[in-house]
Amino acid sequence: MENARIAEIFSEIADLLELKGGNEFRVRSYRNAARTVSELPQRLADLVAEEEDLTGLPNIGKSTADKIREIVERGTCKRLEDLRAEIPEGLTELLQVPQLGPRKASQLYRELEIQSLGDLRQAAEDKKIRDLEGMGAKTEEKILEGIETLASSTGRILYHTAAQYAESLGKLLDGMDAVKQWEVAGSLRRGKETVGDLDILVQADDRKRVAESVAEHDSVVETIGRGEEKMSVRLESGLQVDIRFFDPAAFGSALAYFTGSKAHNIAVRRLAQANDWKLNEYGLFKGENRLAGKTEASVYHRLNLPWIPPELREDRGEIEAAEEGRLPDLITEKQIRGDFHSHTERTDGRESLEEMVEAARDRGYEFLAVTEHSKALSMAKGLDEDDLKAHAEKIREADERYEDIWVLAGIEVDILKSGRLDLDEKVLEDLDWVVASVHSYFKLEEKEMTDRLLAAVHSGVVHCIGHPTGRMIGSRDPVRFDHDRLFEACRDHGVCLEINGQPDRMDLPDTLCKRAREAGVLLALATDAHHHVEFDFMRYALLVARRGWLGKEDVLNTRTVKQLRKHLGSK
DNA sequence: GCCGTTTTCGGCCCGACTGTTTTCAGTCG
């Protein structure tokens, strides 16, 4: 039983309770519990086995703790079974339709016996919905559109993709005289690996003109709503964009408000309430009197907090850390001196060694590790021992030619199913940098996978574990292993964990990053570039690192060549 | 159902927009 499944159960209970018309705060409790569970670094099943007290976890009280134990033992819980018996299957899928919430969904069920998306479409097409109390022709139309949107939407999209749309809209806004300032807020600003929609804040002289221009933008296919304060549009990709207009006096509080996360906002608002103040998107207020709002920092400062970087705003302890003056000094792009994972055309990269090295120099890097695949990945032309020796020689020759950059002769060696490395350790010993990665047998049982990874760490020739969880966002689950044991082993053997910046990997994920840091593990940021343009993926690795609370000291890439040589030499 | 320098009971974030209404409920973020 994985945490994700437990979280799903709590979400389903929340949905069903909502359809039933239950207490909205109880519903919220289940949703909060689902969030806590899904973000929890430890496996609940393990905590239950160890008879840990779960009520110490945020949003988990006695009742929820009991349910967690029940779910771990039985795979489900009575509460869910009872609700399912009471409310027809299919009704929850109606909640997925935009603009259709629990009230209308249950009304549709009660009055028209609608129990599925199919029923809903039929009723809308038959124009039966417009006759219901509180609904009309417009509602019917919205529902049909909502069903279409649902069918074509893919849910959350990669940060990388969302950032491209944001950039394109940003260009439009930059080009308008009426726009005085604009900022992207929401989960994109927080650097989350996936983004559900775009939130853009705009200060403008002529809101109407801005709204018109946005509505006419190439990538906009539909205007969902449009008012004085906000407008919502849908892009060709299905992505929803919310534009909100604010005056300068409220721009900072609005930015904070719409950056979220929701949980962070609630926690900050509680601090305001403790002073009998009110915090909303228009500012921090004492009665009618605005205490702060022009900048984000002014809002935080008035609440006796330092400004909190957006990447930390997840209610994962940042408020307490801010109160106690122990927020981490997060790593920045400028502190990155090199990249620890790249491929060339010798295996599955697309450019020559020289092209890659020169591009790294152009970025101002002081070092670059070239890490081709090993022979187990025959599809990728992986190297055997002799190939590797020859290639390492070639890399060292290149290193001689470029005085201002250290080209590390490296490898990304496969960790085989048994935990053995795919290449003779004698050959690996002569390299400057050895990344060991799992590229096969992703479904091993936790114990077997843990032993497999530990064997690589214990080998004595590995410097870094590549993309440690192996997850592909949206398409492949992370492999299962005992995180704490791997972290401890890495710390004790001086082995780094990689933060791979490929947009669909972003692996190690942020929450595990935070725990690896707490365990004393050193992280290595890397792009896994197969073409020099992918060196830009370092920004995604950086986002993960920042969301994982990493500072300069926690990251190997911040070392000078001299320090790095010393660090690697001492291994 | 959770939670506690206001509290173990009684709160729980709060405002914009839409469509249906003649003052508001539902949905969303």
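Naming: A, B, ... by sequence-line order, numbering from 1 per chain.
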Self-check item: Atom-to-atom span, CG of A:L17 to P of B:dC2 - whole angstrom
Solution: 12 Å
Quiz item: Please, which pairs that meet ring pair (Phe, Tyr, Trp, His ring centres under 6.0 Å) have at least one residue in residues 3-38 of chain A, sequence neighbours excluded?
Solution: none
Quiz prompt | Heavy-atom donor-acceptor pair, A:R313 side chain to A:I308 backbone, under 3.5 Å | solution = yes
Quiz item: Residues from residues 100-129 of chain A sitting under 4.0 Å of DNA chain B, heavy atoms only?
Solution: A:L100, A:G101, A:P102, A:R103, A:K104
Exercise. In whole angstrom, give the distance that lies between atom CD of A:Q99 and atom C1' of B:dA25.
Key: 14 Å
Quiz item: Using the P atom in both, what is the distance from B:dG11 to B:dA16, to the nearest Å?
Solution: 25 Å
Quiz item: Are the side chain of A:E281 and the backbone of A:F258 linked by a donor-acceptor contact shorter than 3.5 Å?
Solution: no
Quiz prompt | Parallel, tilted or perpendicular, as decided by the 30° and 60° cut-offs, for the rings of A:H264 and A:Y300 | solution = tilted
Quiz item: Between B:dC3 atom P and A:L271 atom CG, what is the distance in whole Å?
Solution: 17 Å
Quiz item: When all nucleic acid strands are considered with a 4.0 Å heavy-atom cut-off, which category describes A:R79: base, sugar-phosphate, or nothing?
Solution: sugar-phosphate
Exercise. Show your working on side-chain hydrogen bond (donor to acceptor under 3.5 Å, both in side chains) between A:T92 and A:D15 and close with a plain yes or no.
Key: CA-CA 6 Å; A:T92 49; A:D15 282 347; 5.5 Å; no
Quiz prompt | Atom P, compared across B:dC9 and B:dC14: separation rounded to whole Å | solution = 25 Å
Quiz item: Is A:F258 touching bases, backbone alone, or none of the nucleic acid, heavy atoms closer than 4.0 Å?
Solution: nothing
Quiz item: Who does B:dA16 pair with, Watson-Crick or G-U, both distances under 3.5 Å?
Solution: B:dT27
Exercise. Please work out if A:N265 contacts a base, only the sugar-phosphate, or nothing of the nucleic acid, heavy-atom cut-off 4.0 Å.
Key: nothing
Quiz prompt | Euclidean distance, atom CD of residue A:Q240 to atom C1' of B:dG29 [Å, nearest integer] | solution = 9 Å
Exercise. Please measure how far the P atom in B:dG29 lies from the corresponding atom in B:dT22, and state the result in whole Å.
Key: 27 Å
Quiz item: Is A:R189 paired with A:E296 through a side-chain N to carboxylate O contact shorter than 4.0 Å?
Solution: yes
Practice problem: With DNA chain B as reference, determine whether A:N275 or A:T64 sits nearer its 5' end, using the nearest nucleotide of each. | Solution: A:T64
Exercise. Treat primed atoms plus P, OP1 and OP2 as sugar-phosphate and everything else as base, then score nucleotides 9-19 of chain B 5' to 3': B for base contact with protein heavy atoms under 4.0 Å, S for sugar-phosphate contact only, - for none.
Key: ---BBBSSSSS
